[in-house]
Amino acid sequence: MGFSAEFQKGIFKDNPTFRLVLGICPTLAVTTSIKNGIGMGLATTFVLLGSNIFISLLRNFIPDKIRIPAFIVIISTFVTLIDLLMAAYVTELHEALGIFIPLIVVNCIIMGRAEAYASRSPVLLSIADALGMGIGFTLSLSLISFIRELLGSGTVLGYNVLTSFYEPAVIMILPPGAFLTMGLLLGLFNYISRRKP
Amino acid sequence: MGELLKLSVILTIICSCAAFSLGYAYKHTKDPIAEQQRLKKVRALKEVFSGYDIPSDLPSAELIVGKDKDGEEIKRHFFLIEKNEDVLGIAFELYPKGYGGDIQLLTGVTAKGNIAGVKVIRHAETPGLGANITSEEFSGQFKGLNLDKTVWRVKKNGGDIDQVTGATISSSAVMNAVHDGLKFVIEHQSEIESQKNEQ
């Protein structure tokens, strides 16, 4: 497969959230507002890109027996980097995402791509894979958080759009709303992909 | 034995590179992070004492305010807002227990013993309900309240404080903390002023 095919598969065919169903914990937890959703998606994309590049570069250097600890060290290095950078330059978003930034370390999308893809593929394709998966994850989080913010707070990116005639359903920005939105979207994606030949 | 050594060496190399790059990143983000924290404090103080001149470095005092359940002393910082040696107000942080964990508040008391303002810095209250303690409608109402004339109960119980709808625990936590803080500052004002250290 070429660069663009690797890139595109993360967006829909192998979408990490709706097709692979990976990284569900941060997906459910941070999607209370679009800003949080996009922020989390981009932070994960950064980590994914960094870890995929380095794991792909080092794939012939790292012996099979210690690949898991080596991957974890590389991944957590990038997570700590983005944690420091966000604390320094986007403090507000960093505080809103809180514990979920350090927890990117245990996001299975990143470990999954390292193990299944980057550790056995050349650098350029690993970059395509990371970008596709990262952007696919970001788009998924944006979609979920858009629905939850709209119905739960009546706003889009913090701007009032519905509040004049709509009483926000608080449940949508509480945990049950996350499960409802996620479940319905998952069902929709399964339905669409099954209808395709 | 040879393989063990090889694996250890490789892992050591990877970890050293990681440690080195993180050390480098830490060195370069340390100052911006500290600056952000300081700005955040100044911004919060400006909101609490709106209309006052807030310098970026305030003299502060550290006092023992009580004991926690393990008998350890609880120390808190009090920031003094001054003009030409006169104390215009005292700002301090409060950490009442809310519905979803500790709430962090910044409160200011003017020299006359009125509340200058209350700002919720951090909280983990329920979104849509208790989280509304951050609203101007709720936290703004404390401005100007004092110990003598204000009845420190929610309106439902015959007091002066409007509670957040559906969030009695969060509202009461903030209200009681502000009341206790105000009382403490008024009772210990001279102590705070005598212990201040110029920064």
Side-chain angles (χ1 to χ4, degrees), chain A residues 29-33 36 50-51 54-55 57-58 60-96 98-99 148-149 151-155 167-178, chain B residues 1-44 99-102 104 119-132 134-135 164-167 170:
Chain A
V30 304
T31 51
T32 50
S33 73
N36 286 2
S51 66
F54 274 82
I55 287 166
L57 280 174
L58 297 171
N60 296 324
F61 173 72
I62 300 171
D64 224 29
K65 279 184 181 157
I66 52 161
R67 69 180 193 287
I68 302 293
F71 293 171
I72 291 173
V73 170
I74 294 171
I75 293 168
S76 47
T77 304
F78 279 99
V79 172
T80 314
L81 264 179
I82 191 83
D83 193 34
L84 289 173
L85 287 173
M86 286 179 79
Y89 301 108
V90 279
T91 317
E92 212 179 293
L93 185 63
H94 182 258
E95 272 175 18
I99 184 70
R148 291 184 66 195
E149 189 184 326
L151 298 179
S153 316
T155 57
E167 179 66 31
V170 173
I171 193 169
M172 291 309 286
I173 49 172
L174 297 180
Chain B
M1 195 57 206
E3 197 198 6
L4 189 68
L5 192 68
K6 187 183 155 215
L7 296 182
S8 313
V9 168
I10 290 178
L11 209 49
T12 309
I13 294 172
I14 293 174
C15 289
S16 316
C17 293
F20 185 78
S21 48
L22 282 182
Y24 183 79
Y26 174 74
K27 201 179 124 206
H28 284 266
T29 50
K30 199 174 65 177
D31 291 338
I33 291 175
E35 175 67 10
Q36 287 289 347
Q37 295 295 334
R38 196 187 63 76
L39 278 177
K40 204 183 143 203
K41 200 174 82 187
V42 172
R43 259 202 309 271
Y99 188 73
D102 285 352
Q104 189 184 352
K119 180 168 166 57
V120 180
I121 309 265
R122 194 195 306 248
H123 71 89
E125 303 303 285
T126 317
L129 295 170
N132 288 336
T134 56
S135 69
V164 173
T165 315
S170 313

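Naming convention: chains lettered A, B, ... in sequence-line order (proteins, then strands); numbering from 1 in each chain.
Scanning residues 171-178 of chain A against chain B with a 4.5 Å heavy-atom cutoff picks out A/Ile173, A/Leu174, ordered by number.
To the nearest 0.5 angstrom, A/Ile62 atom CD1 is 11.5 Å from B/Leu7 atom CG. The CD1 atom of B/Ile10 sits 5.5 Å away from the CD1 atom of A/Ile66 when rounded to the nearest 0.5 Å. Taking CD of B/Gln36 as the start and CD of A/Glu95 as the end, the distance is 9.5 Å to the nearest 0.5 Å. Here CZ of A/Phe54 is found 9.0 Å from SG of B/Cys17. Values are rounded to the nearest 0.5 Å.
Considering only heavy atoms from C-beta on, A/Lys65 comes within 4.5 Å of B/Glu3 through its side chain.
In this structure, no portion of A/Glu92 lies under 4.5 Å from any heavy atom of chain B. Looking at A/Phe78, neither its backbone nor its side chain comes within 4.5 Å of chain B, counting heavy atoms on both sides. Neither the backbone nor the side chain of B/Lys30 comes within less than 4.5 Å of any heavy atom in chain A. With a 4.5 angstrom heavy-atom cutoff, B/Ile13 touches chain A only via side-chain atoms.
Residue with the most contacts toward chain B among A/Leu58, A/Leu81, A/Leu84, A/Val73: A/Leu84 (heavy-atom pairs, distance under 4.5 Å).
Nearest heavy atoms, A/Thr77 versus B/Leu22: O-CD2, 3.5 Å.
A/Phe71 CZ: more than 12 foreign heavy atoms inside a 6.0 Å radius.
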